[in-house]
Q: 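Got a structure here, written out as C-alpha cells. Questions coming.
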Amino acid sequence: MALLPRNAKAGMEGVDKEKMQRIVYETSKGSKYFENEEKKEALLRQKIENMRAQRAKLSAADLSHYQTVADRRILELEATRDLSRIWLHADMDAFYAAVETLSNPSLKGKPMAVGGMSMISTANYEARRFGVRAAMPGFIARKLCPELIFVPTDFKKYTHYSELTRKVFEKYDPNFMAASLDEAYLDITEVCKERSMSGGEIAEELRKCVNEETGLTCSAGVAPNRLLAKVCSDINKPNGQFVLTNDRMAVMTFIFSLPIRKIGGIGKVTEHILRDAFGISTCEEMLQKGGLLCALFSHSTADFFLSVGLGIGRTDTPQVSSRKSISSERTFSATDDETLLYQKLADIAEMLCTDMKKGGLCGRTLTLKLKTASFEVRSRAVTSEKYFSSSEDILKYASKLLKAELPISLRPTLVSFQ
DNA sequence: TACATACAC
DNA sequence: TATGGTGTATGTA
C-alpha cells in the first residue's frame, strides 16, 4: 500500500478520503513509477528492520550509558534556549493559484491547479477538497476532480508578486530571510519594541498590508524561534495566524503534543523510521526516547531531534551565504538512441552554461544525473583541476560520464558543483 | 571526493 | 500518454 500523500491537510472534514486514496492508487498502480516507489518502500522497511535489530542488541549498560549522554545533551541544549527574540513566519496562501486568480477572476470559486498533466505546483482550496495536491501529477488530479481547471505556471508573474510582498516584509525587518517566493522569516523583536505592539498585533498589521499591496492573503506564525514560527503559520491557514508566546512553559506545552511530521526537516521517511523503529510520533516522545536516539543516530541528527523535543530553534539571522551549486535538469521520454541522448545532453549543457554565465559562476565538479526508464536515479561525478564554465567543457566532461554508462535507456540531467 | 538520500518549496 | 526542477544538508565509504 502506498504511503499517504505527504501533505494531508486540514479542512478535509466530511470528505471521502478513502475514495480519494483508492483513485490515486488505481491510477498509479502498475506504472513504472509506481513499481519504483514500491521498491523504495521495501528498502525503507529493510532499513527500519535493521534499526530495530540494532536497538534490540543494546545491553542494559548501553542503554543507561546513552540515557546519560541524552540527559547531559538535553541540559546543554536547554542552556542555549533563547526566548529574547520574536520571529514571524509569513506564508502566502496557495500562492501561485492565488496569483492566477487575481489575473483571471473568473477562476474564483472553481477548483483550479497551476501546472500541467504531468505535474501540479499548487492547487487552490476548492481543488484541495477533492484531494488535489501540490506535487501530484495532473492526470491523477483530473481523476479526483474532473472539473479541475489547469493553468500553466508563469514564474515571471509570481516573482512580481513576490517582490511586492517583500517590500512589505522589509518594513518590519530590513534583514528578513526569504525562504522561497512565497515564504519569509522576519525577526520582529525590534519593531515590536519600537512600536509597543505585540507579535500578534504586528502580524495582523503585516497581513493586512500584504493584502492591500497585492490583493493576496497570507498566514503568519509568531514564536520565539524560526522552527516554531514555521509550525505556527500552518495552524490557522489560510488567511489566519497563530501566536506562541515567549514563555518556556507555553513552548513545552505546545511542542509536546505536536506530531513530529509538522516539524520542518522531518519528512515522510524520517516520520516512518521514528514511528516504526522507535514508536515516536510526537515531539514529547523524542525527549522520552532521547537515549535511543543518541545510541542509534549521528551526533548532529540526535541533537536535532532533542532540540525539536525541547522546542528549541534558531533565533539568529545568518548572513546570506554564496550559493554552492548550480544545476539544469530536464526529464524527457525514455530512449536508448545514443545519438538522441548526446543531443539532449548538449542541449542541457547549453542551458547550464547560460545560467552559469548569467550568475557569473564557474565550477570544478560536474555531476551527471541520470534517470532510468524505470525511475531509478543515479549520479556520476568528475572533478577537474581547474574551474570551468564553457559549454564545451561541460559537454566534454558530461559526455565522458555518459559514455561510461551506455548502453542504457534514459531521461537525463546535468548538475555542476562549484 | 563520489554517491546516495532526505527534505523543502 | 503522463509522476518536475532547483538547491541544501548529511551519512558513508
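Below, chain A is the first sequence line, B the second, and so on; all start at residue 1. Hydrogens, waters and symmetry mates are skipped; everything else that's a heavy atom, side chains included, is used.
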Q: Could you work out, with ring-ring contact (aromatic ring centres under 6.0 Å, His included) as the rule, every residue matching Phe304(A), not counting sequence neighbours?
A: none
Q: For DNA chain C, what are the stems built from at least three Watson-Crick or G-U pairs in a row, each pair having both distances below 3.5 Å?
A: B:1-9 with C:5-13
Q: Look at the side chain of Ser379(A) and decide which nucleotide, out of dG5(C), dC3(B), dA6(B), has an atom nearest to it.
A: dC3(B)
Q: Answer with yes or no whether the side chains of Asp82(A) and Thr315(A) bring together a donor and an acceptor at under 3.5 Å.
A: yes
Q: Of the listed nucleotides (dT6(C), dG4(C), dA2(B)), which one gets closest to any side-chain atom of Thr383(A)?
A: dA2(B)
Q: Ignoring the backbone of Ser325(A), work out which of dA8(B), dG7(C), dA2(B) is nearest its side chain.
A: dG7(C)
Q: Give, ordered by number, those residues of residues 164-185 of chain A having at least one heavy-atom distance below 4.0 Å to an atom of DNA chain B; if nothing qualifies, reply none.
A: Ser180(A), Asp182(A), Glu183(A)
Q: Could you work out, with side-chain hydrogen bond (donor to acceptor under 3.5 Å, both in side chains) as the rule, every residue matching Glu26(A), not counting sequence neighbours?
A: Lys29(A)
Q: Taking ring-ring contact (aromatic ring centres under 6.0 Å, His included) as the definition, give me every residue that meets it alongside Tyr125(A), ordered by chain and number, with sequence neighbours left out.
A: none
Q: Go through the structure and list residues passing ring-ring contact (aromatic ring centres under 6.0 Å, His included) with Phe176(A), not counting sequence neighbours.
A: Phe169(A)
Q: Name all residues meeting the side-chain hydrogen bond (donor to acceptor under 3.5 Å, both in side chains) criterion together with Ser233(A); count only those two or more places apart in sequence or in a different chain, and write none if there are none.
A: His89(A)
Q: Any idea which of dG5(C), dC3(B), dT6(C) is nearest the Ser327(A) side chain?
A: dT6(C)
Q: Return a table of donor-acceptor pairs under 3.5 angstrom between the side chains of residues 107-122 of chain A and protein atoms on other chains or two or more places apart.
A:
| unit_1 | atom_1 | unit_2 | atom_2 | d |
| --- | --- | --- | --- | --- |
| Lys110(A) | NZ | Ser106(A) | O | 2.9 |

Q: Check DNA chain C against residues 282-309 of chain A and give the residues with a non-hydrogen atom under 4.0 Å, in numerical order.
A: Ser298(A), Ser300(A), Thr301(A)
Q: Would you indicate what Ser121(A) reaches in the nucleic acid, counting non-hydrogen atoms under 4.0 angstrom: base, sugar-phosphate, or nothing?
A: nothing
Q: Phe139(A): which residues meet the ring-ring contact (aromatic ring centres under 6.0 Å, His included) condition with it, sequence neighbours left out?
A: none
Q: Just to verify, what does Gln54(A) make a side chain to side chain contact (heavy atoms under 4.5 Å, CB included) with, not counting sequence neighbours?
A: Leu296(A)
Q: Mind checking what makes side-chain hydrogen bond (donor to acceptor under 3.5 Å, both in side chains) contact with Ser103(A), not counting sequence neighbours?
A: Lys157(A)
Q: Counting any heavy atom closer than 4.0 Å, what does Ile266(A) reach on the DNA or RNA strands: base, sugar-phosphate only, or nothing?
A: sugar-phosphate
